[in-house]
Amino acid sequence: MAPASVQAIWRVVSRIPRGHFVSYGEVARRAGMARRARLVGYALRKAPAELDLPWFRVTGANGRIAFPKGSTSHAEQLRRLRREGIRIERGRAVARPADLDALLWKP
DNA sequence: CGGGTGACAACGT
DNA sequence: AACGTTGCCACCC
């Protein structure tokens, strides 16, 4: 049984809408655990495949892809993000206008 | 118990 | 822009 904190992270990630992406730090905040970005990485690494989480919608700060360039995970993430219409520029995911609107509307 | 590691972030240089 | 530090914390020796 995974700790509640990890499950909270899984829940947040599962809710990231198609065509959007969220940074590790932001996922942590949304899960009520500010400053615990590393736990998000841990939680994703430990996530059972059966959950089928949209892990590729989680990026580093500012849309940066966390996996090392050249790794299969890196390529896989780019492929899946692009498949959802997210543009990648200079190794970072670019938010679409709709995402900016979402941010402006937030809390 | 102590130290190293890591799908990170924020800041400093 | 590219590193180095520090904060963070669960895990694994």
Side-chain angles (χ1 to χ4, degrees):
Chain A
M1 189 61 174
S5 55
V6 167
Q7 294 184 20
I9 288 166
W10 290 343
R11 187 169 54 77
V12 168
V13 171
S14 72
R15 297 230 267 270
I16 303 173
R18 218 171 87 270
H20 294 244
F21 59 89
V22 179
S23 72
Y24 292 88
E26 178 64 15
V27 168
R29 279 189 293 278
R30 288 195 197 181
M33 291 172 279
R35 273 172 262 100
R36 295 187 62 183
R38 302 196 74 135
L39 183 60
V40 176
Y42 168 77
L44 289 182
R45 182 160 52 81
K46 290 261 328 183
E50 306 83 68
L51 287 183
D52 198 35
L53 290 180
W55 57 269
F56 56 92
R57 295 181 188 141
V58 182
T59 72
N62 203 248
R64 183 173 266 84
I65 303 301
F67 295 108
K69 271 176 280 194
S71 66
T72 56
S73 294
H74 182 279
E76 169 90 1
Q77 183 165 21
L78 290 190
R79 197 167 45 90
R80 301 184 76 156
L81 286 176
R82 283 200 264 249
R83 189 189 304 174
E84 298 194 341
I86 295 173
R87 208 178 322 169
I88 311 293
E89 289 177 14
R90 301 193 232 32
R92 77 172 194 71
V94 182
R96 301 181 305 180
D99 296 328
L100 280 182
D101 291 343
L103 286 176
L104 294 176
W105 268 93
K106 260 213 169 151

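Computed from heavy atoms alone, side chains included, the values below leave out hydrogens, waters and symmetry copies. Throughout, protein chains are lettered first and strands after them, A, B, ... in sequence-line order, and every chain is numbered starting at 1.
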Visitor: Mind checking side-chain hydrogen bond (donor to acceptor under 3.5 Å, both in side chains) for A:Arg29 and listing every partner two or more places apart, or none if nothing turns up?
Guide: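 Here the qualifying residues are A:Glu26.
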Visitor: If you look only at pairs with a residue in residues 40-61 of chain A, which of them pass as a salt bridge (Lys or Arg N to Asp or Glu O under 4.0 Å), with sequence neighbours excluded?
Guide: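 For residues 40-61 of chain A, and leaving out neighbouring residues, the salt bridge (Lys or Arg N to Asp or Glu O under 4.0 Å) pairs sorted by first residue read A:Arg57-A:Glu84.
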Visitor: Could you tell me which non-hydrogen atom of A:Leu44 sits nearest to which non-hydrogen atom of A:Tyr24, and how far apart they are?
Guide: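 Reported closest heavy-atom pair: CD1-CE2, 4.1 Å.
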Visitor: Can you confirm whether more than 12 heavy atoms, excluding those of A:Arg35, are under 6.0 Å from its CZ atom?
Guide: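 Result for CZ/A:Arg35: open.
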Visitor: Where do A:Val58 and A:Ser23 come nearest, in terms of heavy atoms and distance?
Guide: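 Distance-wise, the nearest heavy atoms are CG1-C, 4.4 Å.
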Visitor: Is it true that, when you exclude A:Arg64 itself, more than 12 heavy atoms of the residues, nucleotides or ligands shown sit nearer than 6.0 Å to its CZ?
Guide: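 No, not enclosed.
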Visitor: Please list, by residue number, the residues of residues 47-62 of chain A whose heavy atoms come closer than 4.0 Å to an atom of DNA chain B; answer none if no residue qualifies.
Guide: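 A:Trp55, A:Gly60, A:Ala61, in order of number.
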Visitor: Walk along nucleotides 7-13 of chain C from 5' to 3' and tag each nucleotide B, S or - by protein heavy-atom contact under 4.0 Å, base first, then sugar-phosphate.
Guide: BBSSS--
Visitor: Can you tell me the distance, in whole Å, between the CD1 atom of A:Ile9 and the P atom of B:dG6?
Guide: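 The answer, rounded to whole Å, is 19 Å.
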Visitor: Considering residues at least two apart in sequence or located in another chain, which fulfil the side-chain hydrogen bond (donor to acceptor under 3.5 Å, both in side chains) criterion with A:Arg15?
Guide: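 For A:Arg15 there are no side-chain hydrogen bond (donor to acceptor under 3.5 Å, both in side chains) partners, ignoring immediate neighbours.
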Visitor: Looking only at heavy atoms, which two atoms of A:Val13 and A:Pro54 are closest? And how far apart?
Guide: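 Looking at all heavy atoms of both residues, the closest pair is O-CG, 3.3 Å.
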Visitor: Below 3.5 Å is the cut-off: list the nitrogen or oxygen pairs between protein and nucleotides 1-4 of chain C, distance only.
Guide:
none

Visitor: Given the rule in the side-chain contact (heavy atoms from CB on, under 4.5 Å) test, do A:Arg80 and A:Trp55 qualify, once you have shown the distances and angles that lead to the verdict?
Guide: CA-CA 10 Å; A:Arg80 301 184 76 156; A:Trp55 57 269; 4.0 Å; yes
Visitor: In whole Å, I'd like the distance from the CD atom of A:Glu76 to the C1' atom of B:dA7.
Guide: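 It works out to 14 Å between those atoms.
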Visitor: For A:Arg45 and B:dG6, what is the distance between atoms CZ and C1' respectively, to the nearest whole Å?
Guide: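 Interatomic distance, CZ of A:Arg45 to C1' of B:dG6: 7 Å.
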Visitor: Looking only at heavy atoms, what is the nearest atom pair of A:Ala31 and A:Ile9, with distance?
Guide: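 Residues A:Ala31 and A:Ile9, closest heavy atoms: CB-CG1, 4.1 Å.
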